[in-house]
Every structure is written in structure tokens, then in C-alpha cells.
Amino acid sequence: MKSIREAFAPGRKALITFITGGDPDIETTEKLVLAMAEEGADIVEIGIPFSDPIAEGPVIQDADERALASGTTLDSLLALAARLREKTDIPLLFMTYLNPVYKYGIAAFTARCEQAGIGGLIIPDMPYEEAGEFLSRRASDKVALISMVTPTSARRAAEIASKAEGFLYCVSSLGVTGVRTTLGSEIGEVIGQVKAGSDIPCAVGFGVSTPEQAVAMGAISDGVIIGSAIVRIVAQHGQQSEAPVRDFVRGVRAALDA
Amino acid sequence: MKDRFGPYGGRFIPETLMSAVLELEQAYAHYKEDPAFNAELTELLTNYAGRPSSLYYAEKMTRDLGGARIWLKREDLNHTGSHKINNVLGQVLLAKKMGKTRVIAETGAGQHGVATATAAALMDMECEVFMGKEDTERQALNVFRMELLGSKVNAVTSGTMTLKDAVNAAMREWVSRIDDTHYVLGSVMGPHPFPTIVRDFQAIIGREIKAQMLAQAGKLPDIVAACVGGGSNAMGTFFDFIEDTSVRLIGCEAAGEGADTPRTAATIATGSEGVFHGMKSLFCQDEQGQIAPVYSISAGLDYPGIGPEHAYLHSIGRAEYVPVTDEESVVAFEYLSRTEGIIPAVESAHAVAYVMKIAPALPADTDVVITLSGRGDKDVAQIARYRGITLEE
């Protein structure tokens, strides 16, 4: 398995894609992760569905509802990750709200993540200041805690970057996840501050949904994260999502490489 | 400023909001010590909201129940009809000082939404309220009331379409627009510093109770009781008595159809530790850590969590928390109306119901104060429906 660092190869913008695990079912998620990896995704984030995803826009909220309705659990996603680990060597991450992890037990969950070959966790409702308990109970530092910075992080960005593991998730703009028609470049300034004192790879997410936006955000960072645009395809095509998701990821990869 | 109550509290929020809550903490630390701010707030509480609210000796109820002496702290007599105005005047004034021009709020029963809309009208702030669609239907009158006051009301159609979803929607809105917007959280919950700010602004309830009891009865109460959803009126009632260990503090939770049924919102009785809505506290959740859909007849108590300071008071045994069902609270709603001529909010009726249960067995020199957090006009139509009566306009 590649490390997160290795997924950010020199001379290539990393493409990180997101889908909600278990939407519409685990089998489809398995096919989609492998398809995205084959089409050039460097890292895949699997969202653990949550009843109340406060950082998500309507597209991922609905995906979470579908995934929960299909009976998705942390254990079924850990088993999925272990199967995927046999079939692809790209880093796999979980994106999860803190409560399901807390309920499972931070030590137990991170131990299971390590066994399943999960390279990192993104926990959008656990800011830097609240990471202490998680870090002290984490069973293995092979499961990286991915930190986030946003246009409002200001002075805190450098401090967050200094403790960051894997890569830094740079939120493009204010607001929840979801497709945006226009994307400002205010996060570029924050990335500039980060880069002045750290060599952590920076990837931009939230609202990146077209090849053009990926290129624009890639120009100010080391990679891009695309979520809602792919989840929207899954919402439309359900179990038949593989072909359109392949087309989409291939298109973004080509634009980033052009 | 302390950001935890024992192990509970903290600020478990998206990074985007961190700057806003840090700014709020700093501003609050400054203004709470500022004599001019406090003078302005006192003026508003006195001449606009009508404080102090009275402490009324419920003589007929006392005689009828035949045990403890019962007192009612009349937060229902405040402007806008509930205790919510105490917190809202404080927060909107604070937001104004911080240079914000817009406020947003969640609301369950509509009491906090109405109070926020009122303060926004008074202080020239733009206001948007988020309310679960189911609650906009249960509390249609309050929706129109907020609109009359110049606020926009957004019916939230995600999730269970009740209070928790209204909080989700307000948080999502705040993440999208933090420069000019303050989120007026309505209860002692959410990320630090909200549980502290809301408690401080509500603590006037307990301070007044203490002074009024000393003046009217010459002693401290033996028991103070209040309903608990997120827990703002209860925390406001309890806070000044925490050090007075002779005073029993009782929080009355909404058990819905019963704390032993799935149709309940009794967090202390049925919940477990978790992290949600910005705080570590106790929550109704399943074994997967998914937040449970909760139920209560009372939209204001229909919430799957409880404020972190309550979780702490519970954990150290300083306060007791008891479940009260829909049926018990409706009986209390009817009883207080008939006996004292006071129609309480169905939320407050939960506290009345529990005291009705324990008062007869208590000695006659026991003084029990019930905080009537709000008035019940908003609930009349729903209680009629509960009793199978169809009202026509």
C-alpha cells in the first residue's frame, strides 16, 4: 500500500475522490472505489454515513440517508476496506463524524482501521484544539489524522499545519460540502502561509466539481478533492454508477494532467 | 474561560466555525465585565422584558396536593412569554457590540425563535429562524408571529424535521456566512462558549428565586424543579443554588410515551456519552453512534441531547433528572390551568407534573419552586387535539 505522501507524486496533481460508503449499497461502493482508482484517483475517501452530517450539503446528506437505509455500519465498511486493500494499493481514508467513532471506541476503531489498511481519518467535527483525546487513544499512528484548514483559519493555519499528518485538507470556501458554480481563491492565501513553514501536501476540497475547477484549484495546491459531484452521479445512477463515475474521474484526471 | 464541565463540553465543530467561536469567547469575556454593557442589558431586562418575574405562592395547588408548599417562578410572564428572552436580549446585544448585522436561530416550540425575532426587531438586526417542518405545523401560530416581527422562517425538511434538524440547519447556515452573522443558540448546549453564555444570561432566574424566597419565605427553597430539553431554564434555575447543597435540583425530562419506549426524548434516562452538535455530552443514540429520532409532545423538549453542564451535574450527583410522560404533562397542563388559572407551556408542565407527584408525600414545611419557563397559549390547540377535540377558527 502506498503512503499518503507517495500519493502526492512530484509533478502530478493528486486527485482525491469521495463517495459515501454503502450508497446505495456496499457492493456498489466496492466497485466504484476500484473504478476510481483505475481511472487515476490517487486517494479515495469513503464517507461513513451519519444521521446528522452538519458539514454536508444536501447531496451528501441524502447519500448518508441512503447508506444508512441500506444497513451500512462501521463494521461493514471496515470489512469493505479490508477487501479493497487486497485489490488496490492507493491510500484509502474514512471521512467520519466523531460520534460513531466515539461510540465504537477510539482505540478499537483505529486498531480495526489499521488492520483493514485504512491510511487516515478525516473528522470534520473535530477541530485541531479537540484532537487531544483522539490522538492519545489512537491505537496506531499508521492511521493518520487528516487536519483541515479553511479561509477563516487565519493565524491558526500555520499551527495546524505544523501538527498535520498525511496531507492538509484545505476547504475552498465558507459553507457546507456541495457543488458550487463559482469558486473563489481565498484558500490560496492560506495555503501560501502553510507552505511558508511546512512541507505538508495541500489538497483543496469543497465545491470542486468540474475539470475546470479542479485545474484552477490544482494550480494553487498539490491536489484536489472531489466529493459531491461524484455522489450526485451515484444518486442518479445507483447500482449502475460505475460507467458514469469512470467517465467523470477520467475527465478530471485528464484535465489535471494536461 | 473554562471550556469543559468535568469531561463534558468542548467545541466539536467544523474548522470554519472555530474563528467565530473564538471571536465570540473573546467578546463575551470582555463585555460580561463591561459596566456599560451590563447596564444596557439590565435596562432591557427590566423595562422591555419586565423583570424581575414574580415568584408566586400557589396556595390552592399547595392545599389541594396537601404536602409541600409550592411556588411558581413566573417566567411565563416575561415579554414574549418565556424565559428565552433573557438569553436572547443578552446575545443579540452582544452580537450588536461585535458589529454583527444579522442573527440566525434554531427553534423547537417557537419560543426561542419568537424571542430572537423580537430582539432582532428591537435592535435592528436581520433575522432568520430555522424550524423543523413538523414543528412549523405543531406551532403554526409562532411561525406567523416570527414573520410579523420581521423575521424569515425556514422550514427544515431534513432528518426528523424537528429541533435537532433545526440546529443542523442553523449550523450549516452559520458555516456559510459568519462575517456578519451571529448564531443565537437558544439553549445551554452547542460548542463552548455557548453553554456558558446561555447559562450566565439565564442565571438571573435562580438569582431572583433566591432573593424572592428569602424575602417572601425567609428561607431558601428545599427543592427547585424545571423542565429540561437542552436545559436552559433548568440551568438558569439551578446555577445559583449549586453551592447551596441543601437545595435539591430536579430536572424534568420529556419521556414522550415513556422512557422505556422508543417514543421518548429522555436523554439522561436513555442516552449515553457522545459528541454531537459541538459538545461532548449525553445523547439518545443507537449502538452505531447514530443520533436517535426522539419524540415528545413538547416541541421544545423534543431534542436528543442535553447541555454539558447538566451532564456534569448528573454525573456528580448534584442534580437529579427524572422522566415525565406526555400524558402526565398534559394532565398537569390541565390541572394548573384549572387550579391556579395559569396555563403553562407544555414544556413547563413536565416540571409541574413531577412536583404534583412528589408534593403530597413531602412535609408541609418543604418549599418547592417550579420554574414555569413559558406560557401555554401556543399549546392550546395541540392539547385539544391530544384530547380528541377539534377546534374551529
Side-chain angles (χ1 to χ4, degrees), chain A residues 48-58 61-62 64-65 68 71-76 96-106 109 123-134 147-157 160 169-171 173-178 180 190 206, chain B residues 3-4 7 9-23 25 156-160 163-179 181 190-192 271-281 283-294 304-305:
Chain A
I48 295 180
F50 186 50
S51 53
D52 297 84
I54 59 154
E56 314 301 341
Q61 288 175 41
D62 291 349
D64 280 16
E65 279 187 23
L68 289 172
T72 307
T73 64
L74 269 64
D75 282 327
S76 67
T96 178
Y97 288 82
L98 183 53
N99 200 53
V101 175
Y102 193 83
K103 187 76 179 170
Y104 198 100
I106 292 166
F109 183 69
I123 307 179
D125 59 348
M126 190 178 74
Y128 167 74
E129 283 83 351
E130 295 291 353
E133 180 180 357
F134 175 88
S147 296
M148 301 176 105
V149 295
T150 74
T152 59
S153 296
R155 279 164 303 159
R156 296 169 58 260
I160 294 169
Y169 192 127
C170 304
V171 175
S173 45
L174 297 186
V176 293
T177 57
R180 291 157 170 67
V190 179
F206 278 46
Chain B
D3 68 354
R4 288 247 184 332
R11 42 186 155 218
F12 295 88
I13 47 172
E15 170 61 24
T16 302
L17 291 179
M18 280 303 291
S19 62
V21 299
L22 292 169
E23 179 195 2
E25 180 181 21
V156 178
T157 56
S158 60
T160 54
L163 181 52
K164 112 184 137 76
D165 309 286
V167 175
N168 292 345
M171 283 188 161
R172 288 177 184 131
E173 173 65 21
W174 203 26
V175 172
S176 308
R177 194 168 160 187
I178 53 179
D179 267 4
T181 300
H192 174 72
S272 60
E273 224 175 85
V275 181
F276 182 53
H277 278 165
M279 58 186 170
K280 181 184 283 189
S281 190
F283 298 96
C284 300
Q285 55 183 320
D286 68 15
E287 67 288 349
Q288 289 289 319
Q290 306 292 344
I291 303 303
V294 291

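Computed over heavy atoms, backbone and side chain alike; hydrogens, waters and symmetry mates excluded. Throughout, a chain's letter reflects where its sequence line sits, starting with A, and its residues are numbered from 1.
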Fill in: Shortest non-hydrogen contact between B/Ile13 and A/Pro127, atoms and distance
O-CD, 3.2 Å
Practice prompt. With a 4.5 angstrom heavy-atom cut-off, could you sort out which part of A/Tyr102 is near chain B: side chain, backbone, both or neither?
Written response: side chain
Worksheet item: Of A/Thr152, A/Asp125, A/Ile160, which is the lone residue that meets side-chain contact (heavy atoms from CB on, under 4.5 Å) with B/Glu15?
Response: A/Ile160
Practice prompt. Would you please name every residue forming a ring-ring contact (aromatic ring centres under 6.0 Å, His included) with A/Phe134, sequence neighbours left out?
Written response: none
Response to the item:
From the list A/Gly57, A/Ala55, A/Ala154, A/Pro53, the residue making the most non-hydrogen contacts under 4.5 Å with chain B is A/Pro53
Worksheet item: Can you tell me how far CG of A/Leu98 sits from CZ of B/Phe12, rounded to the nearest 0.5 angstrom?
Response: 6.0 Å
Practice prompt. For B/Arg11, check salt bridge (Lys or Arg N to Asp or Glu O under 4.0 Å) against everything at least two apart and list the hits.
Written response: B/Glu25
Practice prompt. Select one option (side chain, backbone, both, neither) describing which atoms of A/Val101 are under 4.5 Å from chain B's heavy atoms.
Written response: neither
Discussion item. So does A/Ile54 get a backbone contact from the side chain of B/Asn168, meaning a donor-acceptor N/O pair under 3.5 Å?
Written reply: no
Practice prompt. Tell me, for B/Asp179 versus chain A, whether the close heavy atoms (under 4.5 Å) come from the side chain, the backbone, both or neither.
Written response: neither
Discussion item. What I'd like to find out is whether the side chain of A/Arg156 reaches to under 4.5 Å of the side chain of B/Leu22, using heavy atoms alone.
Written reply: yes
Discussion item. Given 3.5 Å as the limit, does a donor-acceptor pair link the side chain of B/Gln290 with the main chain of A/Ser51, or not?
Written reply: yes
Fill in: Greatest number of heavy atom pairs closer than 4.5 Å to chain A - which of B/Arg177, B/Glu273, B/Arg172
B/Arg172
Worksheet item: Among A/Glu130, A/Met148, A/Lys103, which residue forms the greatest number of heavy-atom pairs with chain B at distances under 4.5 Å?
Response: A/Glu130
Discussion item. If I take atom CD1 from residue B/Ile291 and atom OH from residue A/Tyr97, how far apart are they, to the nearest 0.5 angstrom?
Written reply: 12.5 Å
Worksheet item: What part of A/Leu68 lies closer than 4.5 angstrom to a heavy atom of chain B: side chain, backbone, both or neither?
Response: side chain
Discussion item. Is it the case that over 12 heavy atoms from other parts of the model lie below 6.0 angstrom from the CG atom of A/Asp75?
Written reply: yes
Worksheet item: Under a 4.5 Å heavy-atom cutoff, which of A/Val171, A/Leu74, A/Thr150 has the most pairs with chain B?
Response: A/Thr150
Worksheet item: Which bit of A/Glu65 comes within less than 4.5 Å of chain B, counting heavy atoms only: side chain, backbone, both or neither?
Response: side chain
Item to complete: Would you name the heavy atoms of B/Ser176 and A/Val176 that are closest together and state the gap between them?
Response: OG-N, 4.2 Å
Discussion item. Rounded to the nearest 0.5 Å, what separates atom CG in A/Asp52 from atom CD in B/Gln285?
Written reply: 11.0 Å
Worksheet entry | Under-4.0 Å salt bridge between B/Lys280 and A/Glu133 | yes
